[in-house]
A.B. asks: 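Have a look at the structure that comes next, please.
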Amino acid sequence: MKNQTTTNTGTGTRFAPSPSGDLHVGGARTALFCWAFARGRQGRFVLRIEDTDRKRSSGAAALGFLEDLDWLGMSWDEGPELDGSTRGEHGPYFQSQRLELYQKHLADLLDRDLAYHAFDTAEELDDKRRAARAAKQPYRYDRAGLEVPRDERIARAEAGEPHVVRFRTPDRPVVITDAVLGEATLPEGEVDDFVIRKADGYPTYHFAVVVDDALMECTHVLRAQEHFNNTAKHLLLQEALGFPHPVYGHLSLIMNPDGSKMSKRDKDKAVRAAVKQAGIEAPPEGSIAPEVFNAWIADKKAQLENTDLVRLAEALDVELPEINVKDFRRSGYLPEVLCNFLALNGWSPGNDLEKFDNAFLAEHFDLSRVQKTPARFDRDKLRAFNLDAIQSMTPREFRDKVHAHGEQFHPEFLNRLSDEQFDMLAEASRERSKTLDELYQGNRWLVVEDGDLSWPISKGVRKAMLKGEPRGLDLLEQLLPTLAGLEAFTAVALEGTITAWADEHCEGNLGKIAQPLRIAATGGTVSPPVFDTLAMLGRESFVARANGCIRALHEHAATMNT
RNA sequence: GGCCCCAUCGUCUAGUCAGGUCCAGGACACCAGGUUUUCAUCCUGGGAACAGGGGUUCGAAUCCCCUUGGGGUCACCA
């Protein structure tokens with residue numbers, strides 16, 4: 001993260017999110033490409049916050065994305081810092097703090113009659129828009145504001161009458177040259193006299209972005225494809241202001257597997273679907289406030305606050321789809337894997353190579369290989385990449401990473417384990433974990449009190465414990481005293497003893513006794529290798545659980561017979 | 001709906017710009033078999049695409065046109 005402005009060769013890129021919530025994966029990919037492009041050319045990578053919408057900007061959310069970029073391994077040369085100060089020579093980096101800069105260029109446009117004050121009310125414009133929509137016509141501003149003579153416009157604006165400032169768009173076609181999409185010509189009339197300063201005095205996106213990209217010396221603008229048509233406006237503005245045109249590259253969107261746009265809304269949708277499926281009319285006890293729930297259900301367009309969403313999802317046992325970088329982090333994906341995978345959605349090195357790191361990306365990334373079509377985000381493939389990365393870690397590396405993940409997301413789990421237990425668990429899970437979170441999701445049995453463990457009679461439990469001759473339950477009872485009296489309760493000792501016992505009592509079929517032992521220890525049929533499982537638990541816990549299990553299953557068998 | 005852009009296995013993609021080496025390669029997913037004390041991992045094998053139709057050419061996944069399909073956009077949001 002050192003300042004590289006002194007060594008730059010002229011290439012400059014920027015990532016400029018609006019401060020609404022956490023960093024979306026699509027935004028992360030845009031940032032990654034901007035970062036890689038600058039780094040590969042010894043250029044500057046600048047961060048800027050586009051907070052010109054006063055309604056949507058909140059101070060707290062503004063800098064959340066810095067943490068995400070940092071986690072992903074991207075460094076920036078200039079931008080706002082986590083502590084709120086800034087660094088770099090092109091600041092400030094909050095657009096809301098650059099108002100006088102915009103004002104200066106706007107006055108220039110006004111003076112040269114390339115922009116004008118317009119006094120249409122929001123209602124008037126709304127009506128016109130609705131009419132156009134009803135007539136199935138595209139809406140374009142009709143230049144009603146221009147009917148007021150220039151002197152009068154200026155006088156009324158100076159008198160304080162509410163107004164916006166519009167750009168006087170030249171009547172001619174605009175050619176957009178895009179490094180990814182090629183060349184496109186927008187016919188004359190396609191771009192209308194768009195607003196460049198809102199009634200509240202703030203610039204619109206179009207104006208701020210053009211001024212800032214020029215002032216911050218951005219030579220290359222890589223951004224989401226939703227801005228492609230806007231580029232015409234920006235090109236025109238640059239010409240009017242005498243700014244150079246940066247090279248544009250528009251990146252296709254990232255879609256869900258079903259082809260829909262991948263958005264924060266998907267989380268809300270997932271929970272709504274679960275509510276509908278469960279057929280409930282009130283929030284589950286202890287999840288969220290009934291008023292909140294009712295208001296949310298009543299309005300299909302409403303979105304639940306994130307904390308409420310998470311709570312409700314937990315209560316309904318639905319998994320929220322990962323959308324933001326933070327979601328993927330919580331789910332236990334490695335940052336380098338996420339970057340790798342994100343880069344692969346829309347870019348490839350041009351051969352069969354798929355696994356690469358950010359350094360490789362920075363060295364090889366180029367605009368000509370960026371995909372034009374939207375990519376569907378395939379979490380299965382991401383998981384496969386993550387597994388691969390985990391498997392290539394050293395035991396120590398995995399232990400440390402999975403522990404750090406637990407400290408952040410499952411501290412209560414960690415608190416209940418000794419270091420020794422954790423190390424055993426980590427090693428037993430290392431080559432089978434697709435994410436850092438799996439260890440915590442799949443081993444709850446290890447952190448419940450012995451007295452709180454139960455043995456639900458699932459199909460698997462019934463088969464392993466109560467069916468066949470002899471029943472698994474009987475074998476467990478026979479073997480238990482031997483294990484209880486074992487000198488060392490270690491995985492190695494247990495393996496020796498149990499295998500030998502299986503040779504004698506199960507015709508060498510270890511499976512006959514392994515499942516009963518696992519069930520006794522965990523209450524379920526899935527766990528790490530059984531000897532590790534028992535050793536992790538320790539003799540005392542295991543014996544207590546086994547006795548509890550035997551008792552519970554006998555009771556169950558008895559009630560079934562009567 | 002107007003305007004703009006795009007189109008290779010289910011998915012991400014290589015090959016397209018400079019037409020032949022492509023009856024189209026890789027990865028994930030899927031299917032079958034194997035290893036395994038559960039789950040997972042792991043090993044082996046398999047099916048799977050140039051959207052459709054016209055051209056141009058000795059020759060087209062590659063160039064042109066049309067159709068179809070997909071995406072973007074049409075705010076005092078960015």
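Naming: A, B, ... by sequence-line order, numbering from 1 per chain.
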A.B. asks: Is A:D213 paired with A:R14 through a side-chain N to carboxylate O contact shorter than 4.0 Å?
C.D. replies: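 Counted as a salt bridge, because a side-chain N and a carboxylate O are separated by less than 4.0 Å.
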A.B. asks: Side chain of A:N229 only, heavy atoms from C-beta on: which candidate in B:C12, B:G1, B:G72 is closest?
C.D. replies: B:G72
A.B. asks: Return the nearest nucleotide to the side chain of A:P138; candidates are B:U38, B:C77, B:G1.
C.D. replies: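 Nearest to the side chain of A:P138 among the choices is B:G1.
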A.B. asks: To the nearest Å, how far apart are A:F207 CZ and B:C76 P?
C.D. replies: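 In whole Å, B:C76 P lies 16 Å from A:F207 CZ.
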A.B. asks: How far, in whole Å, is B:U16 from B:G20 if one measures between their C1' atoms?
C.D. replies: 14 Å
A.B. asks: Checking side-chain polar atoms at under 3.5 Å, does A:T231 have a donor or acceptor matched by the opposite partner on A:R223?
C.D. replies: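 Yes - a donor-acceptor pair under 3.5 Å links their side chains.
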A.B. asks: Can you list, by residue number, the residues of residues 175-183 of chain A that have a non-hydrogen atom closer than 4.0 angstrom to RNA chain B?
C.D. replies: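 Per residue number, the list reads A:L181, A:E183.
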A.B. asks: Which ones in residues 435-444 of chain A lie close to RNA chain B, meaning a heavy atom under 4.0 Å from one of its atoms?
C.D. replies: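 Within this stretch, nothing sits under 4.0 Å of the strand.
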A.B. asks: Considering just the side-chain nitrogens and oxygens of A:K198, establish if one lies under 4.0 Å of OP1 or OP2 belonging to B:C77.
C.D. replies: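 True: A:K198 side-chain N/O within range (under 4.0 Å) of B:C77 OP1/OP2.
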A.B. asks: Students often get this wrong, so: under 4.0 angstrom with heavy atoms, is A:R166 touching a base, only sugar-phosphate, or nothing?
C.D. replies: sugar-phosphate
A.B. asks: OP1 or OP2 of B:A14 less than 4.0 angstrom from a side-chain nitrogen or oxygen of A:R369, does that happen here?
C.D. replies: yes
A.B. asks: Looking only at atom P, what distance separates B:A32 and B:C50, rounded to whole Å?
C.D. replies: 25 Å
A.B. asks: What are the two closest heavy atoms between A:P80 and A:L66, and how far apart are they?
C.D. replies: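 It is O-CD1, 3.2 Å.
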A.B. asks: Tell me what A:S18 touches on the nucleic acid: a base, only sugar-phosphate, or nothing, going by heavy atoms under 4.0 Å.
C.D. replies: sugar-phosphate
A.B. asks: Atom CG of A:N340 to atom C1' of B:C12: distance rounded to whole Å?
C.D. replies: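 Nearest whole value for this atom pair: 12 Å.
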A.B. asks: Please list, in numerical order, the residues of residues 463-477 of chain A that have a heavy atom closer than 4.0 Å to any atom of RNA chain B.
C.D. replies: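 None, since no heavy atom is under 4.0 Å.
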A.B. asks: Set out, line by line, the N/O atom pairs under 3.5 Å between protein and nucleotides 27-36 of chain B.
C.D. replies:
from  : atom 1 : to     : atom 2 : distance (Å)
B:A27 : O4'    : A:E354 : OE1    : 3.0
B:A27 : O2'    : A:E354 : OE1    : 2.7
B:A27 : N3     : A:K381 : NZ     : 2.9
B:C28 : O2'    : A:K381 : N      : 3.1

A.B. asks: Nearest to the side chain of A:R140, which nucleotide is it out of B:A78, B:G1, B:C74?
C.D. replies: B:C74
A.B. asks: Between B:C31 and B:U68, how many Å separate the two P atoms, rounded to a whole number?
C.D. replies: 37 Å
A.B. asks: Of the nucleotides B:A78, B:C3, B:U38, which one has an atom closest to the side chain of A:R432?
C.D. replies: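 Of the options given, the side chain of A:R432 lies nearest B:U38.
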A.B. asks: Would you check if the side chain of A:T169 reaches a backbone N or O of A:D192 as a donor-acceptor pair within less than 3.5 Å?
C.D. replies: yes
A.B. asks: Between B:C17 and B:C64, how many Å separate the two P atoms, rounded to a whole number?
C.D. replies: 10 Å
A.B. asks: For A:H250, which contact category applies under a 4.0 Å heavy-atom criterion: base, sugar-phosphate, or nothing?
C.D. replies: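 Here A:H250 touches no strand at all.
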A.B. asks: Could you check whether A:N230 gets within reach of a base, just the sugar-phosphate, or nothing at all, counting any heavy atom under 4.0 Å?
C.D. replies: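 Counting heavy atoms under 4.0 Å across all strands, the contact made by A:N230 includes a base.
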A.B. asks: Taking the P atom in each of B:C63 and B:A18, what is the distance between them to the nearest angstrom?
C.D. replies: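 Their P atoms lie roughly 9 Å apart.
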A.B. asks: Return the value, rounded to whole Å, for the distance between atom CG of A:L253 and atom P of B:A78.
C.D. replies: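 Interatomic distance, CG of A:L253 to P of B:A78: 18 Å.
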A.B. asks: Examine B:C42: is either OP1 or OP2 under 4.0 Å from a nitrogen or oxygen in the side chain of A:Q391? Give yes or no.
C.D. replies: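 Affirmative; the distance criterion is met.
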A.B. asks: Could you say whether A:F531 or A:T185 is positioned toward the 5' end of RNA chain B, judged by the nucleotide with the nearest heavy atom to each?
C.D. replies: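 Comparing both residues, the 5'-ward one is A:T185.
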A.B. asks: Of the options B:U37, B:A75, B:A78, whose atoms approach the side-chain atoms of A:Y139 most closely?
C.D. replies: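 My answer, after comparing the listed nucleotides, is B:A75.
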A.B. asks: When the distance from CZ of A:F377 to P of B:U13 is rounded to whole Å, what number comes out?
C.D. replies: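 These atoms are roughly 12 Å apart.
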A.B. asks: So is A:R156 actually on top of A:F119's ring, under 6.0 Å and inside 45° of the axis?
C.D. replies: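 Output yes; distance and angle both within limits.
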A.B. asks: For a quick test of reading the model, state the closest non-hydrogen atom pair linking A:F167 to A:A240 and the distance between them.
C.D. replies: CE1-CB, 3.7 Å
A.B. asks: Compare side-chain N and O positions of A:S252 against OP1 and OP2 of B:G71 and report whether any pair is under 4.0 Å apart.
C.D. replies: no
A.B. asks: Pick base, sugar-phosphate or nothing for A:V530, based on heavy-atom distances below 4.0 Å to the nucleic acid.
C.D. replies: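 Base contact.
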A.B. asks: May I ask you to verify whether the side chain of A:R129 and the base of B:C74 hold a donor-acceptor pair under 3.5 Å?
C.D. replies: no
A.B. asks: May I ask which nucleotide in the shown strands pairs with B:C17, Watson-Crick or G-U wobble, both distances under 3.5 Å?
C.D. replies: none
A.B. asks: Short question: side chain of A:E397, backbone of A:T394 - any donor-acceptor pair under 3.5 Å?
C.D. replies: yes
A.B. asks: What nucleotide among B:A14, B:U73, B:C77 has an atom nearest to a side-chain atom of A:K261?
C.D. replies: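 Shortest atom-to-atom distance from the side chain points to B:U73.
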A.B. asks: Minimum heavy-atom separation for A:S260 to A:D258, with atom names?
C.D. replies: OG-OD1, 2.7 Å
A.B. asks: Taking the nucleotide of RNA chain B with the closest heavy atom to each, which residue, A:V164 or A:Q225, is nearer the 5' end?
C.D. replies: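 Nearest nucleotide further toward 5': that of A:Q225.
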A.B. asks: For B:G69 versus B:G59, give the span between their C1' atoms, rounded off to a whole number of Å.
C.D. replies: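 Nearest-Å result for B:G69 against B:G59 at atom C1': 29 Å.
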A.B. asks: Has A:N256 got a side-chain atom pairing as donor or acceptor with A:K261's backbone, closer than 3.5 angstrom?
C.D. replies: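 Yes; at least one donor-acceptor contact below 3.5 Å.
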A.B. asks: Show every side chain to side chain donor-acceptor pair (under 3.5 Å) that has at least one partner inside residues 180-191 of chain A, sequence neighbours left out.
C.D. replies: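 Only A:R140-A:E190 qualify under side chain to side chain donor-acceptor pair (under 3.5 Å).
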A.B. asks: Using OP1 and OP2 only, check whether a side-chain N or O of A:S433 sits under 4.0 Å from B:A40.
C.D. replies: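 Indeed not, no polar side-chain atom of A:S433 lies that close.
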A.B. asks: Given the ring of A:Y141, does A:R166 sit roughly above its face, with NZ or CZ under 6.0 Å from the centre of the six-membered ring and within 45° of the axis?
C.D. replies: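 Yes, A:R166 lies over the aromatic ring of A:Y141.
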A.B. asks: B:C12 and B:G72: how far apart are their P atoms, nearest whole angstrom?
C.D. replies: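 My reading of the P atoms in B:C12 and B:G72 gives 15 Å.
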A.B. asks: Using whole Å, what does the distance between atom C1' of nucleotide B:U11 and atom CG of A:D258 come to?
C.D. replies: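 One finds 13 Å between C1' of B:U11 and CG of A:D258, rounded.
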A.B. asks: Between B:C12, B:A78, B:U38, which one does the side chain of A:N345 approach most closely?
C.D. replies: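 Side chain of A:N345 sits closest to B:C12.
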A.B. asks: Can a donor-acceptor pair be found, under 3.5 Å and without considering hydrogens, that links the side chain of A:D212 to the backbone of A:V209?
C.D. replies: no
A.B. asks: Over how many whole Å does the gap from A:R223 atom CZ to B:A78 atom P extend?
C.D. replies: 13 Å
A.B. asks: For the backbone of A:V195 and the side chain of A:T204, can you confirm whether one donor and one acceptor N or O come within less than 3.5 Å of each other?
C.D. replies: yes
A.B. asks: Tell me the interatomic distance from A:E190, atom CD, to B:C4, atom C1', rounded to whole angstroms.
C.D. replies: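 In whole Å, B:C4 C1' and A:E190 CD are 8 Å from each other.
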A.B. asks: Donor-acceptor pair, distance only, cut-off 3.5 Å: does the side chain of A:R518 make one with the backbone of A:P528?
C.D. replies: yes
A.B. asks: Pick the C1' atom in B:U37 and in B:A49, then give their distance to the nearest Å.
C.D. replies: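 About 42 Å, rounded to a whole number of Å.
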A.B. asks: Does A:R143 CZ have over 12 foreign heavy atoms under 6.0 Å away?
C.D. replies: yes
A.B. asks: Atom CG of A:D142 and atom P of B:A75: how far apart are they, to the nearest Å?
C.D. replies: 13 Å
A.B. asks: For residues A:W455 and A:G523, report the shortest heavy-atom separation together with the two atoms involved.
C.D. replies: CD1-CA, 3.5 Å
A.B. asks: Check this for me: A:E319, atom CD, are more than 12 non-hydrogen atoms of other residues, nucleotides or ligands nearer than 6.0 Å?
C.D. replies: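 Counting other residues, nucleotides and ligands, CD of A:E319 stays at 12 neighbours or fewer.
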A.B. asks: Would you mind listing every side chain to side chain donor-acceptor pair (under 3.5 Å) that reaches into residues 339-356 of chain A, with sequence neighbours excluded?
C.D. replies: A:E354-A:K381, A:K355-A:D388
